[in-house]
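Beneath this line is the structure, given in structure tokens, with notes to follow.
In this text, all values refer to a predicted model and were calculated from it rather than measured experimentally.
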Amino acid sequence: MKFYDILNISPEDCKVHLAQWNGAQEPLDLYFSGEFQHWQERQSKRYFERKFILSLIRYQRDNLWLFVGVYESKGVKETDREGRHYYNTELSQIGESLRGRLIINYKRQGRIAYPNGESLDNVATVYKITPEPIAIADFPGFKDVLLSRKQLNIIFSEMYPSWKSALSSASGVYLISDTRTGKLYVGSASGGEGIWQRWMTYNKNYHGQNAELRLLYDEQGPQAFDTFLYSILEVCDIDLSSDLVIEAENRWKKRLLSREFGLNKN
């Protein structure tokens, strides 16, 4: 099925925005938190000079894109001293029922992030339409886990099946990184529901009863954790003894110097 047929929109009226990680911000996070439109309106060049902006966000792998809306471009409302343009846009009703549900298969041409609509005609195809709008990507595999604090909260508030199934099936060593200070915390989870159970505690109280994290919480409150990232360093069998998992944890603490310069004190 053709992409434009299902949206019932003319390619010639569209400028496509192929949004993906820019080295600082993840568009999917911004979309899930409701900040995507505001972020998209700020551009270094006058990219949105057509009637509509057709917004697609990279999803899971290179050639898959999540449709998040068609925006009407009403022109640049302001240009700052650095030459950044701030557009005035309005979310259109076009494709309203498909926002967050329609996944497109399209191979981007080189590094072009703002192709004209015609570039996708007869090339972009419908990969899948999900029953409900996607609020976070499915579990990507242990080595690719990298969650912001917002994403962690979404996973546990919605109890995403793919994430729960994977994280509760494994023990292991995880890493918490503060992107604001660069400090690291290495922890481990074993027994019970493994990593899922341990991270659920962080989601509930932020600090997981860890001494340095608790001190940070007491001094600065929940907002201090907004810049945290959660990832997995080593996966272990769920039945592996806690002593062996802790041995692995200690090896990582030595490698990353998280006792000397990070948030580990044990």
Discussion item. The test is side chain to side chain contact (heavy atoms under 4.5 Å, CB included); show your working for Leu244 and Glu247 and say whether it passes.
Written reply: CA-CA 5 Å; Leu244 290 177; Glu247 282 184 21; 3.9 Å; yes
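- Under the 4.5 Å side-chain contact rule for hydrophobic residues, Val245 and Ile195 do not share a cluster.
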* What's the verdict on salt bridge (charged side-chain N to carboxylate O under 4.0 Å, His left out) for Glu118 and Arg50, showing C-alpha distance, side-chain angles and the deciding distance? -> CA-CA 12 Å; Glu118 307 93 285; Arg50 288 190 170 186; 2.6 Å; yes
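- When ring centroids are compared, Trp199 and Phe156 stay outside the 6.0 Å threshold.
- With hydrogens and angles disregarded, a donor-acceptor distance shorter than 3.5 Å links the side chain of Ser92 to the backbone of Ile94.
- When all heavy atoms are compared, the tightest approach of Glu249 to Val173 is N-CG2, 3.7 Å.
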Go through the steps to decide whether Leu64 and Asn105 satisfy the test side chain to side chain contact (heavy atoms under 4.5 Å, CB included), and finish with yes or no. CA-CA 5 Å; Leu64 295 185; Asn105 191 326; 4.3 Å; yes
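- Salt-bridge check for Glu26 with Arg58: failed, with every basic side-chain N at 4.0 Å or more from each acidic carboxylate O.
- Ion pairing of Glu90 with Lys74 is present here, as a side-chain N (NZ or NE/NH1/NH2) and a carboxylate O approach within less than 4.0 Å.
- Inter-residue side-chain proximity for Lys150 and Asn153 is flagged as unmet; no heavy-atom pair is nearer than 4.5 Å.
- Side-chain contact between Gln40 and Tyr71: present, with at least one pair of heavy atoms (C-beta onward) separated by less than 4.5 Å.
- Taking every heavy atom of both residues into account, Gln151 and Asp29 meet most closely at NE2-OD1, 2.7 Å.
- Proximity of the aromatic rings of Tyr202 and Tyr174 is defined here by a centroid distance below 6.0 angstrom, and this criterion is met.
- The residue from Trp39, Phe48, Tyr47 that alone fulfils the ring pair (Phe, Tyr, Trp, His ring centres under 6.0 Å) condition with Tyr87 is Phe48.
- Between Phe3 and Phe67, the two ring planes are perpendicular [angle over 60°; tilted spans 30° to 60°].
- Within 6.0 Å of the CG atom in Asn8, the count of heavy atoms belonging to other residues, nucleotides or ligands does not exceed 12.
- Across every non-hydrogen atom of Leu229 and Ser148, the tightest pair is CD2-CA, 3.8 Å.
- Ring pair Tyr230/Phe228 is tilted by interplanar angle, where 30° to 60° counts as tilted.
- Between the side chain of Asn116 and the backbone N or O of Ser119 there is no donor-acceptor pair closer than 3.5 Å.
- For the pair Ser165 and Ser168, the tightest heavy-atom approach, listed with the atom from each and the gap, is O-OG, 3.5 Å.
- Counting non-hydrogen atoms of other residues, nucleotides and ligands closer than 6.0 Å to CD of Gln209 gives a total above 12.
- Of the N and O atoms on the side chains of Gln37 and Thr89, at least one donor lies less than 3.5 Å from an acceptor on the other residue.
- Here Trp65 and Tyr59 keep their ring centres 6.0 angstrom or further from each other.
- Annotation: Lys265, atom NZ; neighbour count of heavy atoms from other residues, nucleotides and ligands within 6.0 Å is above 12.
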Notebook entry, point to check: Are Trp163 and Trp196 close enough, and set up right, to give a side chain to side chain contact (heavy atoms under 4.5 Å, CB included), and what steps lead you there?
Noted result: CA-CA 8 Å; Trp163 284 88; Trp196 175 266; 4.2 Å; yes
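- A side-chain donor from one of Asn210 and Tyr185 sits under 3.5 Å from a side-chain acceptor of the other.
- With hydrogens and angles ignored, the 3.5 Å screen pairs no side-chain donor or acceptor of Glu219 with any backbone N or O of Tyr217.
- Two residues are said to be in side-chain contact when any heavy atoms from C-beta on lie closer than 4.5 Å; Leu167 and Phe142 meet this criterion.
- For Ala170 against Ile238, the heavy-atom pair with the smallest separation is C-CD1, 3.7 Å.
- Contact of the Leu102 side chain with the Leu7 side chain is registered, since non-hydrogen atoms from C-beta on lie closer than 4.5 Å.
- Taking 4.5 Å as the limit, every side-chain heavy atom of Val126 sits out of range of all side-chain heavy atoms of Ile103.
- Applying the 6.0 Å contact sphere to CD of Gln93 captures no more than 12 heavy atoms from other residues, nucleotides or ligands.
- Below 30°, between 30° and 60°, or above 60°: for His17 and Tyr114 the angle between ring planes is below 30°, a parallel geometry.
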Discussion item. For a side chain to side chain contact (heavy atoms under 4.5 Å, CB included) check, start with the C-alpha distance between Leu91 and Arg99, then their side-chain angles and the critical distance, and finish with the verdict.
Written reply: CA-CA 11 Å; Leu91 184 58; Arg99 290 179 207 146; 3.4 Å; yes
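- In this structure, Tyr86 and Asp80 approach most closely via the heavy-atom pair OH-OD2, 3.2 Å.
- In terms of modelled atom types and a separation under 3.5 Å, the side chain of Asn264 and the main chain of Val186 share a donor-acceptor contact.
- No path of Ile, Leu, Val, Met, Phe, Trp and Tyr side chains, each step under 4.5 Å between heavy atoms, connects Phe139 with Leu233, placing them in separate hydrophobic clusters.
- Looking only at distances, no side-chain donor or acceptor of Arg198 sits under 3.5 Å from a matching main-chain atom of Gly194.
- Environment of CZ in Phe261: sparse, with no more than 12 heavy atoms of neighbouring residues, nucleotides or ligands closer than 6.0 Å.
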